[in-house]
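In this text the structure is predicted, and so the values were computed from the model without any measurement. Below, each value reflects all heavy atoms present in this structure, side chains not excepted, and no hydrogens, waters or symmetry copies.
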Amino acid sequence: MSAASCLLSEEQFLCSICLDVFTDPVSIPCGHNFCKNCITQHWDISVQCQCPMCKKLFNTRPELHVNTFISEMAAQFRKSAQMKALKSDHKSHQFVPLKEGYEGKKAELGKTEAEIQQKIQERRLKIQEIKHSVELSKEDADREIADSVRVFTALMQSVERGQAELIETIQEKQKTTEKQAEGFIKELEQEISELMKRTAEVEQLSRTEDHLHLLQSFPSLNTPPHTKDWTEVSVHRSSYEGTVRRAVAQLEETLRKEMEKLLDVELKRVQQYAVDVTLDPDTAHANLILSDDGKQVNHGDVEKNLPDNPERFSYCFRVLGKQSFSSGRFYYEVQVKGKTWWGLGVARGSINRKGGISPSPKNGYWTVWLSNGNEYKAFADPRLLLSVKSKPQKVGVFVDYEEGLVSFYDVDAAALIYSFTGCTFTEKLYPIFCPSTNDGGKNSAPLIISPANHTD
């Protein structure tokens with residue numbers, strides 16, 4: 001038996017629960033072995049009766065009987081180890097393998113526990129982060145609700161006031177007409193009364209037999225009483241043409257002022273998401289001239305000898321920003337002052353850069369363009385001609401990745417130029433810039449990426 005025990009490794013005599021040499025080893029139905037006391041205590045505190053090694057579940061708690069063979073082998077192993085320890089001058093080192101195995105397992109368990117604790121902490125932090133995001137979202141929602149209540153209350157009051165004023169104006173005009181008509185009718189009725197009186201007098205005189213009375217009264221009754229010439233008299237009908245339109249125009253003016261206020265607030269909010277954007281020279285068309293700081297780009301008449309790498313635009317005069325965005329919100333501003341042609345927006349990283357592709361959403365572009373000095377277009381599907389009140393000198397571009405929103409603002413006028421809505425973004429987005437051709441010096445001004453001067 002001693003020889004047999006030598007052929008077995010030390011780990012075969014260790015209980016996987018206490019990590020020590022078996023004491024009263026027992027075998028459970030799945031075939032794994034444990035110290036009787038270890039497995040008993042394990043099952044006493046466990047909800048289910050399960051093997052700690054293979055996790056096999058037992059419907060009823062197995063009866064435990066000491067495995068005499070393993071017990072004898074473990075005892076022999078322990079005896080053999082003790083005899084070796086007695087023969088060595090370094091007794092404290094004879095059980096090093098066993099001790100090292102025990103300490104190693106403890107170290108591994110400690111490491112596992114630390115990892116678990118770290119994961120717990122990370123998840124607690126994530127819960128706090130999610131809760132904080134919900135709080136911020138609620139603050140945004142409450143603010144938007146308050147703003148909407150304020151604006152719509154003001155608009156409804158303005159509508160009600162405008163309607164009341166309109167009705168009052170119409171009613172006043174009608175009262176004037178009615179008063180005039182009443183005057184005419186009263187005057188006509190008075191004349192009718194006098195005429196009827198004269199008719200009665202004439203009729204009575206015509207029946208008289210008193211010749212002297214007839215001759216005396218005839219001169220005064222032979223002519224009708226004096227009456228007004230009503231031929232040209234008519235009631236003036238009040239004119240209401242344009243009354244409602246003027247009232248609505250006043251409402252439009254009120255609405256326009258409210259829109260200006262809202263856009264001013266909206267622009268200040270999106271400016272909070274301003275990012276630092278620089279131009280990527282590896283994507284620039286060979287005719288484009290970039291400033292050393294990567295903030296300006298304009299068209300040059302001479303095409304530079306540059307490597308035609310996959311990232312570079314080889315047909316259109318375009319350049320991408322170095323920075324890419326695949327989530328969240330971002331905003332940047334570009335000075336377009338002095339230019340007669342330009343294009344701005346964002347594009348997918350996978351866009352075709354080697355051909356004359358229309359910069360529309362179906363091709364991975366969300367852009368707004370100026371052409372001929374005064375034609376503003378959104379390259380949507382299909383293209384849209386835009387109406388702007390003033391020529392923008394600085395354009396702000398805002399993107400909300402998750403909302404699928406790309407908006408363009410006239411920064412100085414705090415006006416919205418155009419918004420792409422309901423977009424679906426599935427990859428990285430890059431700012432894109434097109435200064436267009438030099439046009440004989442007419443369009444030589446550069447596009448300049450400017451810092452956003454936002455305020456709270």
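To the nearest 0.5 angstrom, L405 atom CG is 7.5 Å from T421 atom OG1. The distance from the CD atom of E63 to the CZ atom of R61 is 11.5 Å, given to the nearest 0.5 Å. Atoms CH2 and CG, from W341 and N443 in turn, are 9.0 Å apart once rounded to the nearest 0.5 Å. Remark: S16 OG to H42 NE2 distance equals 9.0 Å, nearest 0.5 Å. For the atom pair OG of S133 and NZ of K126, the computed distance is 8.0 Å after rounding to the nearest 0.5 Å. Interatomic distance, CD of Q296 versus CD1 of I448, reported as 4.0 Å (0.5 Å rounding).
Under the rule for a ring-ring contact (aromatic ring centres under 6.0 Å, His included), Y365 has no partner lying at least two apart in sequence or in another chain. For S407, the side chain to side chain donor-acceptor pair (under 3.5 Å) partners at least two apart in sequence or on another chain are S419. Scored by the ring-ring contact (aromatic ring centres under 6.0 Å, His included) test, F330 finds F325 as partners (sequence neighbours excluded). By the side chain to side chain donor-acceptor pair (under 3.5 Å) test, S350 pairs with E427, sequence neighbours left out. Shown here are the salt bridge (Lys or Arg N to Asp or Glu O under 4.0 Å) partners of E260, two or more places apart in sequence or in another chain: R256.
The environment of K442 atom NZ is sparse: at most 12 non-hydrogen atoms of other residues, nucleotides or ligands sit within 6.0 angstrom. Within 6.0 Å of NZ in K354 there are more than 12 heavy atoms belonging to other residues, nucleotides or ligands. Heavy atoms of other residues, nucleotides or ligands lying less than 6.0 angstrom from CZ of R383 number 12 at most. Remark: K197 NZ is loosely packed, at most 12 non-hydrogen atoms of other residues, nucleotides or ligands lying under 6.0 Å away. Crowding of E311 atom CD: a count of heavy atoms from other residues, nucleotides or ligands under 6.0 Å exceeding 12. Residue Y315 qualifies as open at atom OH: its count of foreign heavy atoms under 6.0 Å is 12 or below.
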* To do: Using the salt bridge (Lys or Arg N to Asp or Glu O under 4.0 Å) rule, take D142 and K138 through it: C-alpha gap first, then chi angles, then the decisive distance, then the call.
  => CA-CA 6 Å; D142 290 342; K138 187 177 185 303; 3.0 Å; yes
* Could you go step by step and tell me if L370 and V336 meet the side-chain contact (heavy atoms from CB on, under 4.5 Å) rule? -> CA-CA 10 Å; L370 167 67; V336 296; over 6 Å; no
* To do: Begin with the C-alpha distance, continue with both residues' side-chain angles, and end with the deciding distance and a verdict on salt bridge (Lys or Arg N to Asp or Glu O under 4.0 Å) for R269 and E144.
  => CA-CA 12 Å; R269 286 181 185 170; E144 288 299 316; 2.3 Å; yes
* What do the steps show when you test K295 against D276 for salt bridge (Lys or Arg N to Asp or Glu O under 4.0 Å), and what is the final call? -> CA-CA 10 Å; K295 295 293 184 179; D276 184 20; 2.4 Å; yes
* side-chain contact (heavy atoms from CB on, under 4.5 Å) assessment of V159 paired with L251 -> CA-CA 7 Å; V159 169; L251 291 177; 4.1 Å; yes
* Y409/E333 under side-chain hydrogen bond (donor to acceptor under 3.5 Å, both in side chains): CA gap, chis, key distance, verdict -> CA-CA 9 Å; Y409 297 90; E333 292 180 355; over 6 Å; no
* Asked: Please walk me through it: do W43 and Q48 pass side-chain hydrogen bond (donor to acceptor under 3.5 Å, both in side chains)?
  -> CA-CA 7 Å; W43 282 345; Q48 296 177 316; over 6 Å; no
* Derivation and outcome, side-chain contact (heavy atoms from CB on, under 4.5 Å), residues R348 and K428 -> CA-CA 6 Å; R348 290 196 301 253; K428 292 180 179 179; over 6 Å; no
* Verdict with reasoning, D140 to R143, per salt bridge (Lys or Arg N to Asp or Glu O under 4.0 Å) -> CA-CA 5 Å; D140 290 343; R143 183 181 63 246; 3.2 Å; yes
* Does the pair D280 and T283 meet the rule for a side-chain contact (heavy atoms from CB on, under 4.5 Å), with working shown? -> CA-CA 6 Å; D280 185 357; T283 66; 3.4 Å; yes
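Proximity of a side-chain donor or acceptor of S444 to a complementary backbone N or O of G440 within less than 3.5 Å is not detected. Under a 3.5 Å cut-off, the side chain of R124 and the backbone N or O of K119 do not form any donor-acceptor pair.
Between F317 and H299, a ring centre-to-centre spacing shorter than 6.0 Å is recorded. Ring centroid separation for the pair F425 and W366 comes in under the 6.0 Å cut-off.
The aromatic rings of W369 and F379 sit tilted, their planes meeting at an angle between 30° and 60°.
Across V151, D147, I145, a single residue satisfies side-chain contact (heavy atoms from CB on, under 4.5 Å) together with V149, and that is I145. In summary, of the residues considered (V297, T278, L279, D293), a side-chain contact (heavy atoms from CB on, under 4.5 Å) with I449 occurs for L279 alone.
If you check the side chains of E191 and W230, you find a donor sitting under 3.5 Å from an acceptor. Q117 and Q121 are not linked by any side-chain donor-acceptor pair at a separation below 3.5 angstrom, with hydrogens and angles left out of the test.
Between T367 and I432, the closest side-chain pair of non-hydrogen atoms falls below 4.5 Å. Inter-residue side-chain proximity for E187 and K228 is flagged as met; some heavy-atom pair is nearer than 4.5 Å. Two residues are said to be in side-chain contact when any heavy atoms from C-beta on lie closer than 4.5 Å; Y376 and L385 fail this criterion. For the pair R150 and E258, the minimum side-chain heavy-atom distance is below 4.5 Å. The side-chain heavy atoms of Y331 and V277, taken from C-beta on, include no pair separated by under 4.5 Å. C35 has its side chain within reach of C18: a pair of non-hydrogen atoms, C-beta onward, lies under 4.5 Å apart. At least one side-chain heavy atom of Q41 sits less than 4.5 Å from a side-chain heavy atom of N37. Counting only heavy atoms from C-beta outward, the side chains of C54 and H32 approach each other to under 4.5 Å.
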Could you give the side-chain donor-acceptor pairs of residues 388-398 under 3.5 Å, partners two or more places apart or in another chain?
from : atom 1 : to   : atom 2 : distance (Å)
S390 : OG     : D410 : OD2    : 3.4
Q393 : NE2    : K391 : O      : 3.1

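Cation-pi geometry between K339 and W342 is not met at under 6.0 angstrom from the ring centre and within 45 degrees of the axis.
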